[in-house]
Asks: 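First the structure, which I've put down as structure tokens, then a few questions once you've had a look.
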Amino acid sequence: MKMKKFVSAFLASAVALSLVAGCGGGDKKKAEEKKPAAAGAVKVGVFLPLTGDNAAGGELELRGIKLANKLHPEINGKKIELVIADNKSDKAEAANVAARLIEKDKVKVILGTYGSSLAMAAGNIVKDSKVPAIGTSCTNPQVTKGNDYYFRACFIDPFQGTVMANYAFKKGAKKVAIVQEVSNDYSVGLAKFFKEAFEKLAGAGSVVEIANYQTGDKDFSAQLTNLKAKNPDAIFAPGNFTESALLIKQARQLGIKAPFLGGDTWETQDFVNVGSKEVDGVAFSSAFDSTKAATPEAKKFLEAYAKEYKGEQPGGLTALAYDSYLIALNAMQKAGVDDSVKIREAIAATKDLETTTGKTTLNADGDPIKSAVIKTVKDGKFSFIDMVNPEDLKAK
Amino acid sequence: MNNKRNIMLTIAALVILFGVACFVQAEVNSYVRRIINLCLVYAIIGLSMNVTNGFAGQFSLGQAGFMAIGAYMVGIFTVPVELRADVFYAVPMNPHLVNVYMPLWMALILGGVLAAFVAGIIGTPVLRLRGDYLAIATLGFSEIIRIVITNATSITNGALGIKNIPPLNDVRYIFMAAAISYVLITLLLNSSYGRAFKAIREDEIAAEAMGISLFYHKNLAFMVSAFFAGIGGGLYGALLGTVDPKNFLFTLTYNFLLIIVLGGMGSVTGSMFGAIIVTAGLEYLRLFDEPMELMGIAIPLFRPGLRMVVFSILLMVCVLFWRRGIMGTNELTWEKIISFVKHPLSGFRKKGVQGK
């Protein structure tokens, strides 16, 4: 009995000791490694969800940033070093990691993140410590609003909703229905601005039905039966790709013929896999079209991506992450690399910068004004239908 | 005699720690402060969960829901009135609430009281269940709270969440809240109520035979636990400066379950240690996420996510060797600390001495 206790205590302390020793060694190594880097390199913080619920999105974006770093590794003769940190798809971790990048790693600019709530958790920190951050795919307007230090490379929910409303109106829809995923901020935001824009175009009462569902729902027959009675010309249903694909499938089974419109979350192979034939002919907005390079930079990006990840097509997330790096790079070329407040000014002044998704200009809120692509699914493949520029929306 | 000495020592320790908190607030960078704050907030919530799970022996998994109530009270009432239109851009805020502003402490207490109230309503039917069934029912209720919050758009801004909560990264404030929670919970647990909780934990039938009202005491434990979870949740919201319903998925509860199981079910000081180990430890392990070079060659294993693997292994080691958590149902008492100081070797099993 006593022997057993002794053995277990001994083993436990051995494990603890080896751990401490291991970590200690690691620290020393790191210190050695950091010294030469600190002498010349410019540090850029990358904070993304690399584990947890959003890890898939985070990983795609990390590819974009790494690729951009590979193609543009230097600035004014100094090497750019990425400090990659994982925010675990968790808000508390996101706040910790943003503070860590700023206080411990002393980065001058931060790139990231996927997921608006994670970006909002970091918002106060970048604002207080005056280090600019460029969001990759956080589309909620609240991220940049009232925060001078948060910018982003993606377009925001209002713009996407407006684009799709205009598209629906152009295609002759007179009355539309909205099906929103009520527990998803992205879906709620798109739906709200779609409704506003469409009612402006087609008059009050043109949105005949707003139905709600929850993330993870599998059965939509109640919402769809209601919706069928209203007989809309088109249905706007932004949301997660799995739920959306199931929704469209069930709508077709119920005999609803109206076309479905959605947002950029649909641009994933899984959407087609779940929805199979039924999702043919849907239309959705996206930031990036991999079949047609919009700019020389996009061409460079596509070539490099094809070389690095053989046989894969880059999606919108990867392109946006690549763009966020370009925005930071451009700003640092103008403002130098020492003063983060100056870098912030330069980012805010970004105008007509050539990125993979067209020319990028940031507005007063720090959101980009850029064109959106409208895509469809044809025989299980994504294909390009139309391009919508911000000017087109104003003209109407 | 000893009792009096212990009280004096505890007060002295709290005063000294408060001094340390003031020093930390003034001298240490915001990253470290944030970690310390998170430890303290998690300690409050861990403690609250320990009241039902560890002391009253009722396996409840509703903590995330009660935290959500507290966090949303802070979110709804402490955002400056002029910034609210920015937040509620999709659906305007309820006209009865839009001009109601509260200071943080008031919103925290309101959140705690409301959480306790909801717990009272839930607890009345649910606490008749035992074991796994109780866990499932409370888990369900915590999800219901979250879904109500998601759908009450004009009050909570639904899925879009609330931001612009004045950020609170003040170690002194959160330390005071943690200290008050600690003192109140310890006093409760050392009273006749606390002994009744423990009696129920050990054997419900025997406890009832001794004249302890099961219904009353279980409900009391559940409500006290929800009250402090509400306060902890409010501080969590204030620390992050934003809340949204996805924060309070049922997986959040497992964080605190981990803390109390690691610290020891039924140990107040254990919950404190658990919170510190889980929060600060996970942050310390971040060095495994960074690329590491050994003799000029980058080790491919060192990539983001490795720390979670290491952490899991450490947890398994802990569970294997300390089957009842680090502290079990024991407390770190002044007697033990004093005997450790007098004879360091005899207290072989006691680790880290912290004045609390």
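Letters A, B, ... mirror the listed sequences (proteins, then strands); counts begin at 1. A quick note: this is a predicted structure, and the numbers were derived from the prediction, not measured.
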Asks: Tell me, do B/Asn29 and A/Lys104 make a side-chain contact under 4.5 Å, heavy atoms counted?
Replies: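 Not in contact.
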Asks: Measuring heavy-atom distances to chain A, does B/Arg146 have an atom under 4.5 Å in its side chain, in its backbone, in both, or in neither?
Replies: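 For B/Arg146, no heavy atom lies under 4.5 Å from chain A.
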Asks: What part of B/Asn151 gets closer than 4.5 Å to chain A, counting heavy atoms only: side chain, backbone, both or neither?
Replies: side chain
Asks: With chain A as the partner chain, list the residues of residues 232-243 of chain B whose heavy atoms fall under 4.5 Å from it, by residue number, and write 'none' if nothing qualifies.
Replies: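 Residues B/Tyr236, B/Leu240, B/Gly241, B/Thr242, B/Val243 are the ones that qualify, each having a heavy atom under 4.5 Å from chain A.
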Asks: Measure the CG-CG distance between A/Asn124 and B/Asn169 for me, rounded to the nearest 0.5 Å.
Replies: 10.0 Å
Asks: Among A/Asp90, A/Asn184, A/Thr215, A/Thr51, single out the residue with the greatest number of heavy-atom pairs under 4.5 Å to chain B.
Replies: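 Option with the top pair count is A/Asn184.
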Asks: Counting heavy-atom pairs under 4.5 Å with chain B, which one of A/Ser117, A/Ala92, A/Ser187, A/Ala121 comes out on top?
Replies: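 Of the candidates given, the most pairs with chain B belong to A/Ala92.
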Asks: Do A/Asn140 and B/Tyr89 have side-chain atoms, one donor and one acceptor, less than 3.5 Å apart?
Replies: yes
Asks: With only heavy atoms counted, which part of A/Tyr186 is less than 4.5 Å from chain B, the side chain, the backbone, both or neither?
Replies: neither
Asks: Which bit of B/Leu306 is near chain A, if near means a heavy-atom gap under 4.5 Å: side chain, backbone, both or neither?
Replies: neither
Asks: In Å, rounded to the nearest 0.5 Å, how long is the span from CG of A/Asn212 to OG1 of B/Thr153?
Replies: 8.0 Å
Asks: Please flag which part of A/Lys88 lies under 4.5 Å from any non-hydrogen atom of chain B: side chain, backbone, both or neither.
Replies: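 Side chain only.
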Asks: Under 4.5 Å heavy-atom distance to chain A, tell me which part of B/Leu160 shows up: side chain, backbone, both or neither.
Replies: both
Asks: Which heavy atom in B/Gly305 sits nearest to a heavy atom in A/Asp86, and how many Å separate them?
Replies: N-OD2, 4.5 Å
Asks: For the CG atom of B/Asp86 and the CG atom of A/Asn147, what is their distance to the nearest 0.5 Å?
Replies: 11.5 Å
Asks: Using heavy-atom distances under 4.5 Å, tell me whether B/Val87 contacts chain A through its side chain, its backbone, both, or neither.
Replies: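 Both backbone and side chain.
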Asks: For A/Asn96 and B/Arg34, which heavy atoms make the closest approach, and how far apart are they?
Replies: OD1-CG, 3.3 Å
Asks: First locate atom CG of B/Asp289, then atom CD1 of A/Ile84, and finally report the distance between them rounded to the nearest 0.5 Å.
Replies: 10.5 Å
Asks: State, to 0.1 Å, how close A/Lys145 and B/Lys163 come at their nearest heavy-atom pair, and which atoms those are.
Replies: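 The pair with the smallest heavy-atom distance is O-NZ, 3.0 Å.
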Asks: Could B/Asp244 and A/Lys91 be called an ion pair, given the rule that one side-chain N must be under 4.0 Å from one carboxylate O?
Replies: yes
Asks: Which pair of heavy atoms, one from A/Ser183 and one from B/Lys246, lies closest together, and at what distance?
Replies: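 So the two residues come closest at O-CE, 3.6 Å.
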Asks: With a 4.5 Å cut-off on heavy-atom pairs, point out which of B/Gly158, B/Pro167, B/Ala159 contacts chain A the most.
Replies: B/Ala159
Asks: So what's closer than 4.5 Å to chain B heavy atoms on A/Glu59: side chain, backbone, both or neither?
Replies: side chain
Asks: Can you establish whether the number of heavy atoms outside B/Arg324 located under 6.0 Å from its atom CZ is more than 12?
Replies: no
Asks: Can you say whether A/Leu62 sits under 4.5 Å from chain B via the side chain, the backbone, both, or neither, judging by heavy atoms?
Replies: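 For A/Leu62, there is no contact with chain B at all, as no heavy atom is under 4.5 Å.
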Asks: Chain B heavy atoms under 4.5 Å from A/Pro141: which part of the residue, side chain, backbone, both or neither?
Replies: both
Asks: Chain B heavy atoms under 4.5 Å from A/Val83: which part of the residue, side chain, backbone, both or neither?
Replies: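 Contact with chain B is absent: no heavy atom of A/Val83 under 4.5 Å.
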Asks: Looking at B/Arg33 and A/Glu103, is any side-chain nitrogen of the basic one under 4.0 Å from a carboxylate oxygen of the acidic one?
Replies: no
Asks: Got a second to check how far B/Ile35's CD1 is from A/Arg100's CZ, nearest 0.5 Å?
Replies: 8.0 Å
Asks: Would you compute the distance between atom CD of A/Gln214 and atom CD1 of B/Ile147 and round it to the nearest 0.5 angstrom?
Replies: 5.0 Å
